[in-house]
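Notes to accompany the following structure.
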Amino acid sequence: IIQFLESISIIKPTSLQIQLLPSILLGRDILTLSKSGSGKTFSYIISSLLVSINDEIHNKNYGPSILIIVPNRELANQINDKIEIFNSKF
């Protein structure tokens with residue numbers, strides 16, 4: 001995952017990601033309000049990818065590991081585009 005992130009020019013987590021990732025990986029519910037470009041979407045994607053990989057390794061099938069609620073279709077499409085970057089690799 002780290003090599004893939006580096007290949008798409010993500011080298012260092014944002015301050016928001018440093019705060020979010022540990023909580024998400026511990027299974028806590030997260031509500032985040034922050035500016036565009038702060039790293040929210042990649043935090044959700046990366047953490048859910050890690051959880052999914054872990055579940056697959058341990059033969060757990062809990063269903064979806066993430067639900068992202070957005071206020072409009074345009075934002076949903078933008079988030080989907082980011083998710084597709086990871087889907088193409090994993």
Worksheet item: Considering residues, nucleotides and ligands other than E74, do more than 12 of their heavy atoms fall under 6.0 Å from its CD?
Response: no
Worksheet item: Is the shortest heavy-atom distance from the side chain of F86 to the side chain of L5 under 4.5 Å?
Response: yes
Worksheet item: Would you say I2 has more than 12 foreign heavy atoms packed within less than 6.0 Å of its CD1?
Response: no
Discussion item. Once rounded to the nearest 0.5 Å, what's the spacing between atom CD1 of I45 and atom CG of L50?
Written reply: 12.0 Å
Item to complete: Please check if atom CD in E6 has more than 12 non-hydrogen atoms from other residues, nucleotides or ligands closer than 6.0 Å.
Response: yes
Discussion item. If I take atom CZ from residue F4 and atom CD1 from residue I46, how far apart are they, to the nearest 0.5 angstrom?
Written reply: 9.5 Å
Item to complete: Not counting sequence neighbours, which residues clear side-chain hydrogen bond (donor to acceptor under 3.5 Å, both in side chains) with S34? List them please.
Response: S38, K40
Fill in: Distance in Å, E84 CD paired with I79 CD1, rounded so as to fall on 0.5 Å steps
13.0 Å
Give the table of side-chain donor-acceptor pairs shorter than 3.5 Å for residues 15-33, with sequence neighbours excluded, one pair per line with atom names and distance.
| residue | atom | partner | partner atom | Å |
| --- | --- | --- | --- | --- |
| Q17 | OE1 | T14 | N | 2.8 |
| Q17 | OE1 | T14 | OG1 | 3.4 |
| Q17 | NE2 | G39 | O | 3.2 |
| T32 | OG1 | Y44 | OH | 3.3 |

